[in-house]
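A short worksheet on the structure shown next.
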There are 2 protein chains.
Amino acid sequence: MTNIKKVSELAGVSTATVSRTLKSPDQVSLATREKVLEAVKAAGYRPNWLASSVKSGRSNTIVVLVPNLVNPFFMRIIGGIEQAAQEKGFSVLLGDTQGSPAREHEYASMVLTNRADGLIQLDHSFPFSAADADLAEDLPMVSVCERIASEKKYPVIELDNYAASRALAHHLLGYGHKHFAAIVGQVSSQIYRERLAGIRSVLQEEQIPFEQAQITGGAYTIEAGIAGVEHLLSLPQRPTAIFCFNDDIAIGAVHAIKKAGLRVPEDISVVGFDNIKVSAFIDPPLTTVDQPAYDMGRRAVEVLVSQIRGEPLVRSKEVLPFQLIERESSGPAPL
Amino acid sequence: MTNIKKVSELAGVSTATVSRTLKSPDQVSLATREKVLEAVKAAGYRPNWLASSVKSGRSNTIVVLVPNLVNPFFMRIIGGIEQAAQEKGFSVLLGDTQGSPAREHEYASMVLTNRADGLIQLDHSFPFSAADADLAEDLPMVSVCERIASEKKYPVIELDNYAASRALAHHLLGYGHKHFAAIVGQVSSQIYRERLAGIRSVLQEEQIPFEQAQITGGAYTIEAGIAGVEHLLSLPQRPTAIFCFNDDIAIGAVHAIKKAGLRVPEDISVVGFDNIKVSAFIDPPLTTVDQPAYDMGRRAVEVLVSQIRGEPLVRSKEVLPFQLIERESSGPAPL
DNA sequence: TGTGTCAATGTTAAGGTTTACATTGGCTAA
DNA sequence: TTAGCCAATGTAAACCTTAACATTGACACA
């Protein structure tokens, strides 16, 4: 291992001068600087990041907890996180939790052990174990999309899910639909409650019933979409419009509807959520709500880094704009 | 910051005993152990990972260079990497390079600065800058899917792209196709050459021409698939079967073909590569080659970690099995 | 009793870097 | 000439943990 001491000997200066040459060159005379840089090159020296980090007490690293790596929506968020982190001189540790609390605990504890300076949670759970909870009190943590379930309010970057769902509902009402269903993904989350409330509020205003039987789900997957449709088609009153709580579910739903010999949107309209890339290119292209995933990731990093730097929190909640994307998977209700 | 010294004072023992209690408890008497653990709890102490890492000289971290985070195939690989890394006590630093050499250099240099112990490259370039190249000589590095372009042969986990392409070609020949085209994604990569060679070898055996004009591409994206089809449909001799070098391209190709008023597979057969999740659920479901992405990621970590541990390299190249997945996007050639 | 052994614990150096403080020496201004 | 200043550099402590080596003391056995 070539270390700073070896370089200092090679250049005939002290280790402090080597350090200064690399970190604050203006404090070193030109002649010495050149001498040192030459020695650095000759020795093939690269400063040991671990050593400087232990000195500063900062790892300049953030850990991101993702429930599901293969979800393209999350990946767009992470793309934004990665980009912004890099710009700010941070690196990103990936924490694929698969929704497992044990894994969440493990990754979250990295912030307690100086392995990371802060964390971004993409799921809705409070990621620390009960044992760590009190230590986690004032740690930099930000959530994206979901709100972290805890007494203390951590900053959150989110969408107005209530309004977005209302927009989808109005869109479908405009097509004359009267029989609705929802395939909701993960129950027990903030998102679930808000979106459902948004839909309910619109239907109530129009005095359209929306029964429990019409609400199904379990996960944000294509399979859940297929299973949801199979369930819905077995009901006595078939819905003419289905809210899917993300685009993967919607893709599964469209697939299952077509497989059952029905048409989208002629027989059943399907709307999704997230606007993932592929949604525009399936048949029929998906009506959905666009979330600015990349920007949400970027913003999360900005908020997190300012927390890490100890700057006062401006807003504990930021709501980013959504956009209703009307495509061909939704259309007039059948007569 | 509560450190080990504070705990040692609280417990009335030396720092060494605290360290031993946590790292090798069998060396400490039961009574002391309990005393120390109580103090640890009372102080809310968590060992500083940076400090122990600088001591050991190991960060137990690997950095993964990904050209494109949103590609679900890469994400499956990374899922495998993440899982295996966690099992082996490593964490994963994410390096979203967007194909930019500057970013590759930056992430790769993390291995030189003790920020990471090894790296996994998902692209085909040698990720170190020219200045770092000689330092990078013997660093732990593994590539997945693509082979790293350098004199020194780094271990690679890959697929038999040649054989897989031959399988696809035979599949299409079996349907009576005679006019082929390919939308190839990134040119200049190993994958490109091998897959093309595989297709060419089969067509040559059957004395079927395969002209340069029929080969198009540029990126592994849906848009490239669309652009590719638009180009191919403008040619005097329209192909009846299109090889797409990944499923995203194939999804774009199917979309564009349908948009042009043609049918898949009745007018044109389309085959993809990778078998991403959504490929089974688009219309028509995609004929493709399944790559064991998750296992490739896992295996890459195993090889990398054994390199990090200084174990001798068993094989510098591991070829994992592919599987031809025949679905409805390919069918008999039109008359 | 004395010696040897061993488990338990303490002391301290080491890991590589940064930085507060100290030193050097050249220069200016009175 | 000399005090004073300042830029350049050096010295050594600090960051926190770990581990090699040292010490202690209890116990066994001759």
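Protein chains get the first letters and strands the later ones, always in sequence-line order, with residue 1 at the start of each.
The shortest distance between side-chain heavy atoms of B:R76 and B:D274 does not fall below 4.5 Å. Residues A:L122 and A:L65 have side chains not in contact (no heavy-atom distance under 4.5 Å, counting atoms from C-beta outward). Under the 4.5 Å side-chain criterion, counting only non-hydrogen atoms from C-beta, B:E302 is in contact with B:K88. At least one side-chain heavy atom of B:V303 sits less than 4.5 Å from a side-chain heavy atom of B:I157.
One atom, CG of B:L22, and another, C1' of D:dA19, lie 15 Å apart when rounded to the nearest Å. As rounded to whole Å, 11 Å separates atom P of D:dT11 from atom CZ of A:R20. Distance CG (A:N3) to P (C:dT18): 12 Å, rounded to an integer number of Å. Distance, A:N114 CG to D:dT17 C1': 12 Å, rounded to whole Å. Atom CG in B:L30 sits roughly 16 Å away from atom P in C:dA7 (whole-Å rounding). Rounded to a whole Å, the CZ atom of A:R115 is 18 Å from the P atom of D:dC16. Rounding to whole angstrom units, NZ of residue B:K23 and C1' of C:dA8 are separated by 20 Å.
For the atom pair CZ (A:F128) and CG (A:D134), the distance works out to 11.0 Å, reported to the nearest 0.5 Å.
Distances shorter than 4.0 Å separate none of the side-chain N or O atoms of A:T17 from OP1 or OP2 on D:dA8. For B:T15, no side-chain nitrogen or oxygen approaches OP1 or OP2 of D:dT18 to under 4.0 Å.
Remark: the backbone N or O of A:K5 is paired with a side-chain donor or acceptor of A:S8 at under 3.5 angstrom.
You'll find that the side chain of A:A16 is closest to D:dT11, out of D:dA19, D:dT11, D:dT9.
Within a 6.0 Å sphere centred on CD of A:E106, heavy atoms belonging to other residues, nucleotides or ligands number 12 at most. Atom CD of A:E38 sits in a sparse spot, with 12 or fewer heavy atoms from other residues, nucleotides or ligands closer than 6.0 Å.
Of the residues in residues 4-13 of chain A, those with a non-hydrogen atom less than 4.0 angstrom from any atom of DNA chain D are A:G12, A:V13. The stretch residues 35-60 of chain A touches DNA chain D through A:V54, A:K55, each having a heavy atom under 4.0 angstrom from the strand.
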May I have the step-by-step check of salt bridge (charged side-chain N to carboxylate O under 4.0 Å, His left out) for A:E158 and A:R147, ending in yes or no?
-> CA-CA 8 Å; A:E158 63 181 359; A:R147 245 173 268 167; 3.0 Å; yes
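Mapping A:D26 and B:S19 onto DNA chain D via the closest heavy atom, the residue that lands nearer the 5' end is A:D26.
Residue B:V18 is out of contact with every strand shown, counting any heavy-atom pair closer than 4.0 Å.
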